[in-house]
Amino acid sequence: MKLFLFFLFTLFVSASHAEELFVPLSQFDNDSQRLTNNKVLEFWGYHNYDNNDNYQNVLKLRYYNPLEAGDWQGRIRLDTSYASSYNSISSANNAGQYSAGNTMVTIWGQDKTFLKPLGALIGGRVIFPFGNNGQWAVGPQLNWSFVPTVNSLLGLTDFSPLIRYMYGFDTKNNSLVVNPTQPALMRSLQLYPTVGFQLSPNTMLRFWDENGAVYNSAGGGWFVPIDAMVTHRLTKNWVFAIGGSKQVVQTYRQYDWSTYAKISYNF
């Protein structure tokens with residue numbers, strides 16, 4: 001009986017402190033429709049390993065710009081990259097030989113009529129075939145931003161989930177007959193359960209911001225990583241970030257681990 005009473009007391013104390021640590025779902029506001037007008041230029045560097053003696057270095061340039069058309073407001077993101085793949089057998093000089101990586105355009109914004117009940121930002125992405133073995137990919141996306149209306153001990157800043165489905169297809173001159181080394185066409189559901197925490201006035205910790213979970217709808221299989229990134233604002237305009245990602249579920253092969261860093265300029 002004493003053990004049971006102790007259990008009830010512990011449960012009561014835990015529940016009373018839970019609201020201090022976590023923010024109840026009822027204490028979140030949908031902040032999705034508030035978009036920044038800042039222009040952002042980012043330089044990224046990645047080092048990836050696929051657990052099969054294959055490494056990849058990626059240099060990426062990313063740019064954000066506001067968009068506006070009548071009552072519609074949104075943002076556009078441009079990504080272009082160079083990649084270098086190598087292994088322990090290849091020459092050490094191969095790590096410095098870069099070729100074209102993926103180039104893509106992403107657009108999202110607020111629409112006050114279409115799918116209004118969702119309260120989401122509606123957009124889409126196009127991946128060009130330059131560094132993708134001649135494969136195009138397109139897909140719609142929905143994303144939200146929920147911010148807490150009360151403070152918590154963990155310093156939760158936002159919960160910003162994103163859902164995207166990508167569909168790949170060949171060009172007429174790039175079939176498996178012409179290019180037998182081309183990978184399988186992309187059919188993937190991408191999920192980003194992004195959540196942020198304030199560590200200090202200028203430092204944040206964000207989970208699943210850069211790398212999310214992927215489901216292969218063509219052949220089945222999940223890729224689920226643990227992804228974390230620390231961002232630090234150096235000045236009003238400059239931000240530095242460093243992060244890493246490690247797979248925990250990989251029935252759909254992507255990579256074993258990834259490290260990355262960025263420097264961004266806001267203007």
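By convention here, the first residue in the shown sequence is residue 1.
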To the nearest 0.5 angstrom, please state how far the CG atom of Leu61 sits from the OH atom of Tyr82. 10.5 Å
Are side-chain heavy atoms of Val214 and Val224 found at a separation under 4.5 Å? no
Could I get the full list of salt bridge (charged side-chain N to carboxylate O under 4.0 Å, His left out) partners for Lys246, not counting sequence neighbours? Asp256
Which residue pairs pass the ring pair (Phe, Tyr, Trp, His ring centres under 6.0 Å) test with at least one member in residues 197-217, sequence neighbours excluded? Tyr215-Trp222
Testing the 3.5 Å rule here: is there a donor-acceptor pair between the side chains of Gln247 and Tyr252? no
Give the ring-plane orientation class for Tyr86 versus Tyr55, where under 30° counts as parallel, over 60° as perpendicular and anything between as tilted. parallel
Has Ser188 got a side-chain atom pairing as donor or acceptor with Gln190's backbone, closer than 3.5 angstrom? no
Under 4.5 Å between any side-chain heavy atoms of Asp29 and Phe146, yes or no? no
With no hydrogens and no angle check, is any side-chain donor or acceptor of Ser32 less than 3.5 Å from a backbone partner on Ser145? yes
When clusters are formed by joining ILVMFWY residues with side-chain heavy atoms under 4.5 Å apart, either directly or through shared neighbours, do Val230 and Ile263 land in the same one? yes
Under the salt bridge (charged side-chain N to carboxylate O under 4.0 Å, His left out) definition, can you give me all pairs with a residue in residues 64-78, not counting sequence neighbours? Arg77-Asp79
Closer than 3.5 angstrom, by distance alone: can the side chain of Ser217 be matched with the main-chain N or O of Arg187 as a donor-acceptor pair? yes
Residues which pass side-chain hydrogen bond (donor to acceptor under 3.5 Å, both in side chains) with Ser245, listed by chain and number, not counting sequence neighbours: Tyr255
Please enumerate all residues that pass side-chain hydrogen bond (donor to acceptor under 3.5 Å, both in side chains) together with Asn54, with sequence neighbours excluded. Asp50
Can you list the residues that meet the side-chain hydrogen bond (donor to acceptor under 3.5 Å, both in side chains) rule with Tyr265, with sequence neighbours excluded? none
For Ala120, does its backbone N or O pair with a side-chain atom of Asn143 as donor and acceptor, under 3.5 Å? no
Got a donor-acceptor contact below 3.5 angstrom from the Trp257 side chain to the Asn51 backbone? no
Before you tell me yes or no, could you show the steps for Ile163 and Leu189 under side chain to side chain contact (heavy atoms under 4.5 Å, CB included), namely the whole-Å CA-CA distance, both residues' side-chain angles and the distance that decides it to 0.1 Å? CA-CA 7 Å; Ile163 302 173; Leu189 175 66; 3.9 Å; yes
Does OH in Tyr167 sit with more than 12 non-hydrogen atoms of other residues, nucleotides or ligands closer than 6.0 Å? no
Leu162: hydrophobic cluster co-members (side-chain, 4.5 Å): Tyr192
Could you walk me through whether Tyr63 and Val40 pass the side chain to side chain contact (heavy atoms under 4.5 Å, CB included) check? CA-CA 6 Å; Tyr63 176 68; Val40 184; over 6 Å; no
Answer yes or no: is there a side-chain heavy-atom contact under 4.5 Å between Thr157 and Met204? yes
Given the rule in the side chain to side chain contact (heavy atoms under 4.5 Å, CB included) test, do Phe169 and Val138 qualify, once you have shown the distances and angles that lead to the verdict? CA-CA 9 Å; Phe169 56 94; Val138 297; 4.2 Å; yes
Taken in chain and number order and not counting sequence neighbours, the residues that satisfy salt bridge (charged side-chain N to carboxylate O under 4.0 Å, His left out) with Lys262 are Glu42
Testing the basics here: between Gln141 and Gly124, what is the closest heavy-atom pair and its distance to 0.1 Å? CG-N, 3.8 Å
To the nearest 0.5 Å, atom CG of Asn57 lies from atom OG of Ser81 at 12.0 Å
With a 4.5 Å cut-off on side-chain heavy-atom distances among I, L, V, M, F, W and Y, is there a chain of contacts connecting Val58 to Leu41? no
Any chain of hydrophobic side-chain contacts (each under 4.5 Å) joining Val126 to Leu78? yes
Set of side-chain hydrogen bond (donor to acceptor under 3.5 Å, both in side chains) partners for Arg206, sequence neighbours left out: Asp158, Asp209
Could you pull out every donor-acceptor pair under 3.5 Å between side chains of residues 100-108 and any protein atom, sequence neighbours left out?
| unit_1 | atom_1 | unit_2 | atom_2 | d |
| --- | --- | --- | --- | --- |
| Thr103 | OG1 | Thr80 | OG1 | 3.2 |
| Thr106 | OG1 | Arg125 | NE | 2.7 |
| Thr106 | OG1 | Arg125 | NH2 | 3.2 |

For Asp53, what residues pass the salt bridge (charged side-chain N to carboxylate O under 4.0 Å, His left out) criterion, not counting sequence neighbours? none
Derivation and outcome, side chain to side chain contact (heavy atoms under 4.5 Å, CB included), residues Trp44 and Arg62: CA-CA 8 Å; Trp44 290 79; Arg62 183 178 295 173; 3.4 Å; yes
Given the rule that I, L, V, M, F, W and Y join up when any side-chain heavy atoms are under 4.5 Å apart, are Tyr260 and Val248 in one cluster? no
Hey, what do you get for CG (Leu67) to CD (Gln73), rounding to the nearest 0.5 Å? 10.5 Å
A side-chain contact here means heavy atoms from C-beta on lying under 4.5 Å apart; do Ile127 and Met166 qualify? yes
side-chain hydrogen bond (donor to acceptor under 3.5 Å, both in side chains) pairs, two or more places apart, involving residues 229-242: Thr203-His232
Looking only at atom types and distance, does a side-chain atom of Gln135 sit under 3.5 Å from a main-chain N or O of Met186, one as donor and one as acceptor? yes
Is there a path of hydrophobic side-chain contacts, each under 4.5 Å between heavy atoms, that joins Leu199 and Phe240? yes
Could you tell me whether the side chain of Asn87 and the main chain of Ile89 form a donor-acceptor pair under 3.5 Å? yes
Do Ser258 and Asn48 pass the side chain to side chain donor-acceptor pair (under 3.5 Å) test, and can you show the C-alpha distance, the side-chain angles, and the key distance before you say yes or no? CA-CA 4 Å; Ser258 173; Asn48 307 325; 2.5 Å; yes
